Peer 1: 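If you scroll down you'll find the structure; I have some questions about it.
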Amino acid sequence: MSYHVNEKGYYGQFGGAFIPEMLYPNIEELRQNYLKVMAEPDFKKEFDQLLKDYVGRPTPLYFAKRMSKKYNTKIYLKREDLCHTGAHKINNTIGQILMAKHLKKTRIIAETGAGQHGVATATVCALAGLECIVYMGEIDIARQAPNVARMKMLGAEVRPALSGSRTLKDATNEAIRDWINNPVDTHYIIGSAVGPHPYPDMVARFQSVVSEETKWQLKKVEGRENPDYIVACVGGGSNAAGAYYHYLNELEVKLIAVEAAGKGIYTGESAATSVLGKEGVIHGSKTLLMQTNDGQITEPYSISAGLDYPGVGPMHAHLYETKRAEFISVTDDDAMTAGLELSQLEGIIPAIETSHALAIFEHKEFKPQDVVVISLSGRGDKDLSTYIEYFKL
Ligand SMILES: *Cc1c(COP(=O)(O)O)cnc(C)c1O
């Protein structure tokens with residue numbers, strides 16, 4: 001059983017490239033080049049250098065002493081929250097901006113929902129001196145004013161998507177339309193392990209630095225590279241893909257994926273794709289997708305903007321289907337409580353997405369000698385107003 005993508009762009013039955021004919025040349029150019037470019041010594045050198053000096057890698061693998069004591073197991077936090085811009089997303093955007101440069105692209109487009117990926121993209125465009133256009137639903141622009149301001153300050157143009165529900169799905173449609181109209185000079189930076197092949201694999205590879213570091217860091221402190229468990233929250237699946245990547249074929253390492261149950265899996269306000277999803281096509285790939293009986297995509301809900309996605313990347317759909325990963329869903333309330341707890345036990349305020357992963361300890365028992373690595377995907381600064389409102393701080 002392979003958990004990596006195959007020649008045709010599939011993870012088991014999931015993946016592929018379901019795209020409009022007019023996008024075919026763009027995707028094909030990327031598919032034919034991405035592995036070659038990533039293997040070039042110049043590319044690797046520049047990528048590693050930027051991850052080190054610009055992003056601030058390696059990120060620490062921190063033994064959470066007080067939390068470990070409370071749950072009577074060994075908890076390590078992989079500190080992606082300490083990355084430049086505050087989350088793991090920058091690992092991918094750095095990789096893709098270098099990919100764009102190697103493919104001689106001069107113009108970058110992206111779509112964003114909550115704005116986190118938009119900010120990470122605007123950041124690397126400033127770094128590389130490339131034009132940056134970020135599509136964002138008109139509703140999201142109003143809801144996410146600070147991130148819109150960040151993108152503008154970084155020199156990006158934020159273009160409102162005015163059609164449909166004026167949220168992420170509509171922004172994605174606008175970005176795809178743009179790419180079809182500008183196939184020669186433009187690269188489309190996708191922000192999670194989603195989209196048509198080769199995006200999920202490319203994004204997973206750029207994020208795989210996380211598990212590459214975890215291996216040697218754990219070896220140093222525990223005398224072994226492999227933890228017993230790796231836990232990550234899953235929106236589209238990029239931080240989880242990075243945290244799992246070098247462990248996918250190490251079957252004694254148990255993988256746990258935490259999804260957002262929102263107000264409860266069966267309340268109609270949820271984003272628990274593995275439970276509620278059925279096979280379907282979203283953003284150009286065949287995967288698990290929340291949809292109505294006649295195939296209309298269902299609006300997802302989560303208190304965390306980054307997990308509020310109706311699908312999941314094809315790698316994760318396959319990990320679910322093959323039971324390689326255990327999927328657990330966590331409600332808004334449980335996540336918020338876990339976020340407050342980490343703040344007060346360890347002095348780390350996590351992103352609300354990450355708080356979902358942290359809630360695992362209220363859902364599952366671990367043994368005292370178990371080594372549990374949590375992907376601390378991002379920091380909570382961006383979520384402060386939500387925490388304030390929720391806890392009446
Ligand atoms: C965007 C985001 C996520 C969810 O995206 P994945 O691609 O599933 O990782 C999780 N945590 C943080 C902090 C995020 O910003």
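The structure presented is a predicted model; accordingly, all values stated were derived computationally and were not measured. All ligand and atom numbering here is 1-based and tracks the order in the structure.
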Peer 1: So does Glu29 pair up with Lys105, basic N to acidic O under 4.0 Å?
Peer 2: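 Yes, this pair counts.
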Peer 1: Just jot down the ligand 1 atoms closer than 4.0 angstrom to any heavy atom of Gly378, in number order.
Peer 2: 13 (C)
Peer 1: Charged N to carboxylate O under 4.0 angstrom, Asp178 versus Arg107?
Peer 2: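 Here Asp178 pairs with Arg107 in a salt bridge, since their nearest N and O are under 4.0 Å apart.
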Peer 1: For atom 11 (N) of ligand 1, grab the closest protein heavy atom and report residue, atom and distance to one decimal in Å.
Peer 2: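 So the nearest neighbour among protein heavy atoms is Ser377 OG, 2.8 Å.
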Peer 1: As an exercise, identify every atom of ligand 1 less than 4.0 angstrom from a heavy atom of Ala351.
Peer 2: 13 (C)
Peer 1: Under the rule for ring-ring contact (aromatic ring centres under 6.0 Å, His included), what residues qualify as partners of Phe327, not counting sequence neighbours?
Peer 2: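 Residues passing ring-ring contact (aromatic ring centres under 6.0 Å, His included) with Phe327: Tyr320.
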Peer 1: So that I can tick it off, tell me whether Glu111 and Lys169 are bridged by a salt bridge, with the cut-off set at under 4.0 angstrom between side-chain N and carboxylate O.
Peer 2: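 Salt bridge: no.
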Peer 1: Under a 4.0 Å N-O cut-off, is there an ion pair linking Arg224 with Glu252?
Peer 2: no
Peer 1: Are there over 12 heavy-atom neighbours, none belonging to Leu98, within less than 6.0 Å of that residue's CG?
Peer 2: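 Count over threshold, so yes.
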Peer 1: For ligand 1, is any non-hydrogen atom under 4.0 Å from His117's backbone (N, CA, C, O), its side chain (CB onward), both, or neither?
Peer 2: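 Within the 4.0 Å criterion, His117 makes no contact with ligand 1.
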Peer 1: Looking at ligand 1, would Ala240 count as a contact under a 4.0 Å heavy-atom criterion?
Peer 2: no
Peer 1: Near Ser238, which atoms of ligand 1 are under 4.0 Å from a heavy atom of that residue?
Peer 2: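 Every atom of ligand 1 under 4.0 Å from some heavy atom of Ser238: 6 (P), 7 (O), 8 (O), 9 (O).
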Peer 1: Taking a cutoff of less than 4.0 Å between a non-hydrogen atom of the residue and any ligand atom, is Glu80 in contact with ligand 1?
Peer 2: no
Peer 1: For the residue pair Lys263 and Tyr301, would you count it as a cation-pi contact if the rule is NZ or CZ under 6.0 angstrom from the ring centre and within 45 degrees of the ring axis?
Peer 2: yes
Peer 1: Counting heavy atoms only, which part of Lys89 comes closer than 4.0 Å to ligand 1: side chain, backbone, both or neither?
Peer 2: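 The side chain, only.
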Peer 1: Under a 4.0 Å N-O cut-off, is there an ion pair linking Arg205 with Asp201?
Peer 2: yes
Peer 1: Tell me whether Lys70 is salt-bridged to Glu346, with the criterion being a basic N under 4.0 Å from an acidic carboxylate O.
Peer 2: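 No, no charged N to carboxylate O under 4.0 Å.
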Peer 1: Under 4.0 Å from a heavy atom of Gly237: which atoms of ligand 1 are those, numbered in the order shown and with their elements?
Peer 2: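 Per the distance check, 6 (P), 7 (O), 8 (O).
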Peer 1: For Gly306, take its heavy atoms, then give the atoms of ligand 1 lying under 4.0 Å from any of them.
Peer 2: 4 (C)
Peer 1: May I ask you to identify the nearest protein heavy atom to atom 10 (C) of ligand 1, giving residue, atom name and distance to one decimal place in Å?
Peer 2: Glu353 CB, 3.5 Å
Peer 1: Which ligand 1 atoms are under 4.0 Å away from a heavy-atom of Ser192?
Peer 2: 6 (P), 7 (O)
Peer 1: Can you check whether Gln116 has an N/O within less than 3.5 Å of an N/O in ligand 1?
Peer 2: no
Peer 1: Taking only heavy atoms of Gly235 into account, list the atoms of ligand 1 that are under 4.0 Å away from them.
Peer 2: 8 (O)
